[in-house]
Amino acid sequence: MDYGSKCRLPQQQNIPIIGVNTRIMEDIMSLCLSNNVTNNHDSGVFTRLSDRVHIWLDRWQQRDELTHWSDRDLHDVGLSWSDVAHEAEKPFWRA
């Protein structure tokens, strides 16, 4: 898409640009810049997929580790075995 035609600044005349006119010009220039800027740091499909798999793996490992905690450990963090069972039964993709 060509934004160049939409971002043409009005022709400069011999009228002094002060106050409101300056603000309008700044707004126009800001819009032109934001329309032409591209995000070169957007993650690709494989990066997002990899991130999602890592999240799932972390969830699975944390839930598995939680099932190995002692009564004392669970008491320290305020959890019961029913809380652990409820969390451990969740599928890895569910937060």
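The first residue of the sequence shown is numbered 1, and numbering continues consecutively from there.
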- Sorted by chain and number, sequence neighbours left out, side-chain hydrogen bond (donor to acceptor under 3.5 Å, both in side chains) with Arg63 holds for Glu87

- Item | For Val45, side-chain contact (heavy atoms from CB on, under 4.5 Å) partners two or more places apart | Arg48

- Using side-chain contact (heavy atoms from CB on, under 4.5 Å) as the criterion, list what pairs up with Arg72, not counting sequence neighbours. Ser70, Asp76

- Message: Holding to side-chain hydrogen bond (donor to acceptor under 3.5 Å, both in side chains), I want the full list of residues that pass it with Ser80, two or more places apart in sequence or in another chain.
- Response: Ser82, Asp83

- Item | Leu66 side, atom CG; Leu79 side, atom CG - distance, nearest 0.5 Å | 6.5 Å

- Task: Could you tell me which residues satisfy side-chain contact (heavy atoms from CB on, under 4.5 Å) with Trp81, sequence neighbours excluded, listed by chain and number?
- Result: Asp71, Leu74, Val84

Can I get a per-line list of side-chain donor-acceptor pairs under 3.5 Å for residues 55-62, giving both atom names and the distance, sequence neighbours left out?
unit_1	atom_1	unit_2	atom_2	d
Arg59	NH1	Phe92	O	3.4
Arg59	NH1	Trp93	O	2.9

